[in-house]
Number of protein chains: 2
Amino acid sequence: MGSGQAAGKSIPPYRDEHLKVDFEQQTALLDDGRMALTRKEYALLALLVEHAGEIIPREALLMQVWGYGGEVKTRTLDVHVRRLRKKLGRFAEPYIETIFGIGYRFQPYHAPRFMQAGSVSQ
Amino acid sequence: MGSGQAAGKSIPPYRDEHLKVDFEQQTALLDDGRMALTRKEYALLALLVEHAGEIIPREALLMQVWGYGGEVKTRTLDVHVRRLRKKLGRFAEPYIETIFGIGYRFQPYHAPRFMQAGSVSQ
DNA sequence: CGGAGTTGTAAAAACTTTGTAAAAAGAAAC
DNA sequence: GTTTCTTTTTACAAAGTTTTTACAACTCCG
């Protein structure tokens, strides 16, 4: 289960206006408050944060965090995303984007957004 | 469904005065505004853009994007082209050409236009 | 011009994907 | 072995996407 980084390597923490993710300690701080994340929740958040700004397909998430390959029918990813969002509270919205039909994307706090639906600036 | 390129390969994005298509992230930027494309819309645009300047027959588009072969009776291609054009806004006109009786052609922003007579500009 | 065939468009229907709550199952702690 | 916490499944709701339908508008060619 590739839940994160191998111990020993020194990975600089992610940090922005409201969120800090410490990959060494495997902890996350949200606006000074420590997020109480379970292992899977942390693994999911860490993977998203490590690839901030990039779209990560469901398949990739299911593979990396759960070790599921191929055609697995499960909603556990959605449920975990939901719980992460809940714990991110009012910041859930800007941080975790759903990319319909593809996967999810973590966006740093100030980041131009690719909207999924609606109209285009014209 | 050949919606694009296999992951992992590094394909340089398409880019011109107003439009950028990132084949890695499967996203499109129009004059700084992010285009909110659905999967099919992106697949269609990507295919056209990858063959910029070339006429692509309806059949080819239906095959590549939808996997439809032979004698399929559908108007979904037209509907998707329409939605793409809508999202391209004021740029729809120069970018996506209808080649009557044959198919469609994407033209880079500054491109000499040929009359509709199957004149494939290299 | 006129008609056959093709493309454009709007709206509805059909379908797919994601969100959510609650229950069940599995692990760890006591 | 029971309690507590975590994870997965289930079942349905909500949201989003795609296809079809029906008709209007246009193009080509006689």
Side-chain angles (χ1 to χ4, degrees), chain A residues 1 3 26 35-45 47-48 55-69 71-89 92-93 95-105 114-120, chain B residues 1 3 26 28 35-48 55-69 71-89 92-93 95-106 115-118:
Chain A
M1 229 192 283
S3 73
Q26 309 204 353
M35 290 179 77
L37 299 177
T38 66
R39 259 181 307 192
K40 282 273 157 65
E41 284 163 6
Y42 169 79
L44 177 57
L45 178 63
L47 187 51
L48 289 166
I55 295 168
I56 309 189
R58 293 177 69 90
E59 322 239 309
L61 294 166
L62 285 168
M63 178 47 106
Q64 300 285 313
V65 178
W66 282 269
Y68 292 177
E71 302 289 302
V72 181
K73 178 190 149 309
T74 181
R75 322 272 307 79
T76 197
L77 169 57
D78 306 78
V79 173
H80 275 82
V81 166
R82 169 169 157 64
R83 285 199 288 246
L84 258 186
R85 282 176 166 155
K86 207 161 193 176
K87 291 188 178 177
L88 285 168
E93 156 76 45
Y95 280 133
I96 297 183
E97 274 182 287
T98 299
I99 311 298
F100 196 97
I102 304 179
Y104 293 92
R105 171 165 54 185
F114 292 77
M115 286 162 312
Q116 188 57 22
S119 65
V120 172
Chain B
M1 232 195 279
S3 74
Q26 309 203 353
M35 288 182 77
L37 299 177
T38 66
R39 271 183 302 185
K40 282 273 157 65
E41 284 162 6
Y42 169 80
L44 177 58
L45 177 63
L47 187 52
L48 288 166
I55 295 169
I56 309 190
R58 293 178 69 89
E59 321 245 305
L61 293 166
L62 284 168
M63 178 46 106
Q64 299 285 314
V65 177
W66 282 268
Y68 291 178
E71 302 290 303
V72 181
K73 178 189 148 310
T74 181
R75 325 265 6 287
T76 198
L77 170 57
D78 306 79
V79 173
H80 275 82
V81 166
R82 168 169 157 64
R83 285 200 287 245
L84 258 186
R85 282 176 166 154
K86 204 162 192 174
K87 290 187 177 178
L88 285 168
E93 157 75 45
Y95 281 133
I96 297 182
E97 275 183 286
T98 300
I99 311 299
F100 194 94
I102 304 178
Y104 294 92
R105 172 166 55 182
F106 175 88
M115 291 304 99
Q116 294 191 3

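Only a predicted model underlies this, so the values are computations on that prediction, with no experimental measurement involved. Order of the sequence lines sets the chain letters (A, B, ...), proteins ahead of strands, with each chain counted from 1.
- Annotation: side chain of A:F100 is not in contact with side chain of B:T38 (no heavy-atom distance under 4.5 Å).
- For D:dC5, neither phosphate oxygen OP1 nor OP2 lies less than 4.0 angstrom from any side-chain nitrogen or oxygen of A:R39.
- Nucleotide C:dG19 holds its C1' atom 16 Å from the CD1 atom of A:I99, rounded to whole Å.
- For A:R85, the side-chain hydrogen bond (donor to acceptor under 3.5 Å, both in side chains) criterion is met by A:T98, not counting sequence neighbours.
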Look for any protein N or O under 3.5 Å of an N or O in nucleotides 19-21 of chain D and output each such pair with its distance, or none.
from	atom 1	to	atom 2	distance (Å)
D:dT19	OP1	B:K40	NZ	3.4
D:dT19	OP1	B:W66	NE1	3.2
D:dT19	OP2	B:W66	NE1	2.5
D:dT19	OP2	B:T76	OG1	3.0
D:dT20	OP2	B:T74	OG1	2.6

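- Whole-Å rounding puts the A:R58 CZ to C:dT16 P distance at 15 Å.
- Between B:L37 and B:K87, the shortest heavy-atom contact is CD2-CD, 3.9 Å.
- We find that CD1 of A:I96 is positioned 14 Å from C1' of C:dG19, with the value rounded to whole Å.
- Taking atom CD1 of residue A:I102 and atom P of nucleotide D:dA15, one finds them 21 Å apart after rounding to whole Å.
- Taking only side-chain nitrogens and oxygens, B:R85 never comes nearer than 4.0 Å to OP1 or OP2 of C:dT9.
- Rounded to whole angstrom, the span from the CG atom of A:L84 across to the P atom of C:dT18 amounts to 16 Å.
- In plain terms, the two heavy atoms of A:Y68 and A:T76 that are nearest each other are CE1-CG2, 4.5 Å.
- Rounded to a whole Å, the CG atom of A:L45 is 17 Å from the C1' atom of D:dT7.
- For the pair B:D78 CG and C:dG5 C1', the interatomic distance rounds to 13 Å; values are reported in whole Å.
- For B:Y104 and C:dG8, the shortest distance from a side-chain N or O to OP1 or OP2 is below 4.0 Å.
- In plain terms, the two heavy atoms of B:L61 and B:W66 that are nearest each other are O-CE3, 3.6 Å.
- In terms of phosphate contacts, A:T38 brings no side-chain nitrogen or oxygen within less than 4.0 Å of OP1 or OP2 of D:dC5.
- You'll find the side chain of A:E93 stays beyond 4.5 Å of the side chain of A:L88, heavy atoms only.
- What separates CG of A:L62 from C1' of D:dT8 is a distance of 12 Å, to the nearest Å.
- For the residue pair B:Q26 and A:I102, the shortest heavy atom distance occurs at OE1-CD1, 4.4 Å.
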